[in-house]
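Each remark here refers to the structure printed beneath this line.
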Amino acid sequence: MWSASSRSPPTRHSRSTAPSCCPRGRRVSPIELRVTAAGWLSTFQDLGRADTERLGVPTGGAADQYSATVANLLVGNARGATLIESLGGEFAFVPDAAVLVAVTGAPARVTVADAPVDGWAPVVVPAGHELRVRDIRVGARIYVAVNGALVAETFLGSSAPDARMGFEQKVIRGAVLSVRSRFRTFPRYSFGHPLFRLRTPRLRLAEGPWDIDVVESRATNTVPGLRDLIAESTYTVTDRSNHVGLRLSGPVLHPDGDAEIVSHGVPIGALEIPHADELIVLGRYRSLTAGYPIVGFASRASLSLLGQAGPGRELRFRWVDREAAVRRHAQRERELLALERTAGAAFEARGFTPGPLPGSRTTKESER
């Protein structure tokens, strides 16, 4: 909530923020999605804000950026298009016209009119039929992308929520969402069969402990034995974790003495040791260090895995050099580029061609 002493409330704009993959010559029409289940917490999301941290506003955006990106590419949207992020429980909606949808993120049961359909694949949901995602397991979040431009308010150019700024972006049961799309349906389509057989890259979520690649910081070796301790230990995500960071129970060592550390900006995925006996991995809504030592950084390729880690999840940290971390991130980017090309070719083969809707952001704009 805003108080008289707080900063001015965010300026909000209601607009669509996604280019669409559109049939040639088809008029843009608004489609309504009636939300019939909204899980524990569902919100509008995108890939976050660019160049706002100098204003004191965190980047924010989807916790699992990889799954969010793949969902948008599977329905012909730009990577940074607005979509739905749902945390736990069930998420469902009924459209008043046919829509093209993709569900990614944590493994889950996906149905259309109670008939099972594939996750991590484009699916047509006919008018009046319910798409439902349930039985989410292993991970914490699912992502639902809809072909077209999902209408949502924006703050500093992004639809990503920031509760501390009074911009919650919640999607609740009974809400009616609007998407601007030229999509109608594909001839002779049956949702019991895959629309395309794409080689879709997936985020792999194991049943046991997850291995997180980390690189050293300047402070890694200032605490004797800490590097080996982190590599040899298993840490558990606690229920005190939130969008600012994951709080992990497990063994830690503290620096000797009580010298003050000046607070400074840190990247997403920084590992810090607070005064308590725990390890914190900072997330997309982190701010400054609060004077705690930063003892490592999760690699960019591991950040989406951390975004799926809920309470009780066990994590192990694996030290890698910067070159290995860069190579793994480059491999992920090659996977996304390949999907972007093959999905675009598949849509064009069906008579669709990618192109921005009037008033929506281009791919380049959404990735700034």
Side-chain angles (χ1 to χ4, degrees), residues 1-15 17 35 37-65 67-68 80-91 105-106 136 139-144 150-177 237-248 263 265-270 272 274 280-290 292 303-304 306-311 313 366:
M1 297 297 292
W2 288 98
S3 66
S5 62
S6 67
R7 282 180 267 188
S8 299
T11 301
R12 301 182 182 183
H13 305 278
S14 181
R15 68 173 183 176
T17 58
V35 179
W40 299 339
L41 177 65
S42 296
T43 59
F44 292 110
Q45 273 291 6
D46 57 22
L47 298 185
R49 297 173 179 84
D51 198 31
T52 60
E53 293 183 346
R54 61 187 177 87
L55 304 175
V57 179
T59 299
D64 177 356
Q65 299 260 300
S67 294
T82 296
L83 75 172
I84 303 297
E85 178 185 83
S86 188
L87 175 65
E90 298 185 7
F91 182 82
I136 298 173
R141 295 171 171 85
I142 58 99
Y143 294 87
V144 181
L150 192 60
V151 178
E153 289 185 321
T154 62
F155 169 46
L156 294 178
S158 170
S159 58
D162 191 328
R164 291 179 297 182
M165 299 296 290
F167 192 63
E168 295 188 338
Q169 293 292 75
K170 290 182 180 179
V171 175
I172 62 175
R173 184 175 181 271
V176 177
L177 313 182
V237 178
T238 72
D239 57 9
R240 297 176 60 234
S241 302
N242 56 28
H243 56 289
V244 177
L246 297 177
R247 291 182 176 270
L248 311 179
S263 291
V266 288
I268 300 164
E272 69 176 9
I280 297 177
V281 185
L282 296 177
R284 301 193 63 81
Y285 287 87
R286 83 276 179 256
S287 52
L288 303 177
T289 63
Y292 300 141
L303 294 180
S304 285
L306 291 169
Q308 287 289 351
R313 171 56 52 193
S366 67

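The figures here come from the full heavy-atom set of this structure, side chains too, leaving out hydrogens, waters and symmetry mates. On a predicted model such as this, the values are computed, not experimentally measured, just so you know.
With Gln308 contributing its side chain and Asp64 its backbone, the two residues share no donor-acceptor pair below 3.5 Å. Remark: side-chain polar atoms of Thr82 are not paired, donor with acceptor, to backbone N or O of Asp46 under 3.5 angstrom.
Rounding to the nearest 0.5 Å places CE of Met165 at 7.0 Å from CG of Leu156. Atom-to-atom distance recorded for Leu47:CG and Ser158:OG is 8.5 Å, nearest 0.5 angstrom. Rounded to the nearest 0.5 angstrom, Ile136 CD1 and Phe91 CZ are separated by 10.5 Å. Interatomic distance, Thr52 OG1 to Asp162 CG, rounded to the nearest 0.5 Å: 8.5 Å. Taken to the nearest 0.5 Å, the CD1 atom of Ile268 stands 6.5 Å off from the CG atom of Leu303. Of the inter-residue distances, the one linking Ile280 atom CD1 with Arg240 atom CZ reads 7.5 Å to the nearest 0.5 angstrom.
Using a 4.5 Å cut-off on side-chain heavy atoms (C-beta onward), Glu153 and Phe167 make contact. Tyr285 is not listed as a side-chain neighbour of Asn242, based on a closest heavy-atom distance of 4.5 Å or more. Taking 4.5 Å as the limit, some side-chain heavy atom of Glu272 sits within range of a side-chain heavy atom of Leu282.
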Could you walk me through whether Val237 and Leu248 satisfy the side-chain contact (heavy atoms from CB on, under 4.5 Å) test, starting with their C-alpha distance in whole Å, then the side-chain angles of each, then the deciding distance to 0.1 Å, before giving a yes or no? CA-CA 5 Å; Val237 178; Leu248 311 179; 3.6 Å; yes
One pair to check against salt bridge (Lys or Arg N to Asp or Glu O under 4.0 Å): Arg286 and Glu53. What are the steps and the verdict? CA-CA 10 Å; Arg286 83 276 179 256; Glu53 293 183 346; 2.6 Å; yes
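Closest approach of Ser86 and Gly39 over heavy atoms only: OG-CA, 4.3 Å. Of all non-hydrogen atoms in Ala68 and Ala62, the two that sit nearest each other are CB-CB, 3.8 Å. Nearest heavy atom pair, residue Arg141 against residue Leu87, reads CG-CD1, 3.8 Å. Of all heavy-atom pairs spanning Ser159 and Ala152, the tightest one is CB-CB, 4.2 Å.
Under the side-chain contact (heavy atoms from CB on, under 4.5 Å) rule, Val171 has a single partner from Ile84, Val144, Leu41, Thr43, which is Ile84. Residue Pro161 is tested with Gln45, Lys170, Glu85, His243 for a side-chain contact (heavy atoms from CB on, under 4.5 Å); the sole match is Gln45.
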